[in-house]
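Below: the structure, in structure tokens.
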Amino acid sequence: MTDLEQAIRAEFHREADTATEVSRAQSAALRLAIPDTSSPRRFRQWLLPIGAAAAVLALVAGLALSNHLGGFRGSQRNPATHPPATPPPSANVVLPESLVVHDGQTVRATGKLILDASNRYELCDMSGTDWGPVPSVTSRGQTGCTGLVGGGSGTGPGSFVAVLSGVTGTTLEARVSSGSAVKLGGWVQAIGRLQGQTIATTALTSWTPPAEFRRQLDCPAPAGGWSLPTKAQVRAVVDYMGSHSNRFAGLISVPLPGGSASVLADGGGVLVVGTTGPVAQATQALDQLAPDAVCVIATPYSADQLQSADVAVQKIMLANQSTRSTLMGGLLTSSDKMMLGWQLVRIAPATAQALAPYANMISWDIRLVPASAPESWSMNR
Amino acid sequence: VGPREVASEHFSTFVAEHTAALLRVATVLAGDVSEGEDLLQDTLSILVTRWPKVMAADSAMAYVRRALINRHISRSRPLRVRSAPLTELDDIAIGEFSGQVEDRDQLKRALGRLPTRQRTALVLRYFLDLDDTQIAAELGCRIGTVRSLISRALATLRTMTPTAADNPVFWSAP
């Protein structure tokens with residue numbers, strides 16, 4: 001073998017080793033399922049891994065979804081007085097082309113500013129941290145952002161992390177002295193050129209998240225207080241929902257406001273489930289599976305609409321997985337339109353294409369957008 | 001448990017067990033981790049719809065790997081007619097070669113500019129250590145074509161990395 005051939009071999013192995021490091025850091029990124037758009041139950045089964053991981057996702061998913069729930073007060077909502085929204089999909093859709101992000105573009109991104117173990121500043125999309133005290137120390141775990149929240153740590157696999165190249169302790173100190181303080185662990189907005197998951201930062205400012213990030217639980221606490229569901233209980237709930245898919249609309253896990261450190265440390269929270277049927281009946285059934293851990297709320301939408309939304313979620317997820325965008329959360333509905341409680345941090349071109357037929361069903365909350373996009377990038381808000 | 005559930009379970013298990021290895025191959029084929037991830041996801045999202053076929057194959061891993069290669073080649077086809085900006089070529093020709101890092105970068109960029117089938121052939125030879133017969137089977141071509149692809153790729157690399165080619169430190173294996 002010649003020297004050139006040896007060098008080629010070495011280069012290939014270096015590239016492969018890089019992939020190995022990345023795959024270790026993003027172990028939850030590759031998930032696909034056997035698609036079956038005709039059966040919502042299949043999709044619920046596909047949700048099982050999410051259900052199993054719900055405890056881990058909770059901190060991230062809870063508030064990540066809260067902004068989709070602005071007018072959603074299901075437990076007080078009478079389905080009869082809230083007619084179903086127009087069934088999707090519609091031909092008259094408007095894709096947010098201005099929000100489609102390509103590598104090389106100058107982007108605007110928001111998230112928590114963290115310092116990882118390698119002393120790199122990163123933008124971490126960790127909405128859930130607002131449930132507890134602002135973390136004084138944060139770090140990036142193998143599977144995403146890790147923050148100290150309320151005394152415990154929550155890890156969000158698949159949560160969005162962008163390396164902010166160009167940001168140093170010196171630049172941060174300069175901002176503090178100039179009066180535009182950017183706090184470690186606080187919300188910031190970064191502007192810079194995106195390449196992969198790195199933003200060559202040209203501007204960094206503090207940022208105030210919208211009020212709807214602060215989610216309130218719709219159910220009163222049980223007499224003995226809320227309990228942290230185990231993974232087995234989460235799985236049982238998801239299974240039950242899957243076998244009664246005509247009555248249920250997704251599942252999310254909402255961290256308890258003021259919850260104990262141990263609850264937050266395990267990343268658990270109350271499971272919020274939407275139902276098309278009687279709330280009391282569904283509560284009784286699910287409470288047997290996960291006592292004092294489920295909050296059932298009513299959804300004004302029909303089973304057909306929910307199943308359509310299921311299909312849309314599946315399309316979105318498949319598109320998303322092939323484009324490295326991050327989606328979190330579960331299927332939800334809102335008071336004014338069919339709404340999917342998935343948080344997008346980025347719309348890549350392929351994702352946008354797949355979303356086209358469902359654009360009018362989706363509430364966009366995007367954390368990383370082209371800098372030329374409108375200032376407010378949460379559509380349908 | 002129906003056939004779909006069996007396939008779904010098999011798929012999940014396969015992905016869990018082989019993602020890391022497949023991502024290595026996909027990355028080397030694509031020349032970049034992000035592109036590799038896209039390629040792998042793209043391939044899996046296609047295969048997932050016909051997973052029973054994969055299960056029926058002698059080796060699911062070999063089936064998926066071949067699909068990965070085919071997908072990579074088919075995805076790259078539009079790029080084959082893309083002209084390279086003159087500035088990029090100039091950059092290759094007159095760039096500074098002051099050390100191993102620059103030389104490696106030079107080789108990496110040169111590899112990235114090879115036609116897809118040539119680079120794929122190199123990957124199969126030097127990363128997966130396949131012989132000509134095996135590469136021909138993977139690419140669906142004749143052995144003579146494989147030799148031609150590799151020979152032309154090496155010749156191109158020597159031309160595109162003249163300074164690096166003279167650097168004995170650079171060319172030594174790690």
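Residue numbers start from 1 in every chain, and the chains themselves are labelled A, B, ... in the order their sequence lines are given, proteins ahead of strands.
Rounded to the nearest 0.5 Å, atoms CG (Leu157(B)) and CD1 (Ile8(A)) are 5.0 Å apart.
Exactly one of Leu128(B), Thr27(B), Leu122(B) qualifies for a side-chain contact (heavy atoms from CB on, under 4.5 Å) with Phe12(A). That residue is Leu122(B).
Between Arg24(B) and Glu15(A), no side-chain nitrogen of the basic residue sits less than 4.0 Å from a carboxylate oxygen of the acidic one, so the salt-bridge criterion is not met.
Ring pair Phe127(B)/His13(A) is tilted by interplanar angle, where 30° to 60° counts as tilted.
Applying the salt bridge (Lys or Arg N to Asp or Glu O under 4.0 Å) rule to Arg193(A) yields no partners; only residues at least two apart in sequence or on another chain are considered. Ser148(B) is linked by a side chain to side chain contact (heavy atoms under 4.5 Å, CB included) to Arg152(B), counting only residues two or more places apart in sequence or in another chain.
Across every non-hydrogen atom of Ala7(A) and Leu107(B), the tightest pair is O-CD2, 3.7 Å.
In this structure, chain A has heavy atoms under 4.5 Å from both the backbone and the side chain of Leu154(B).
The environment of Asp129(B) atom CG is dense: over 12 non-hydrogen atoms of other residues, nucleotides or ligands sit within 6.0 angstrom.
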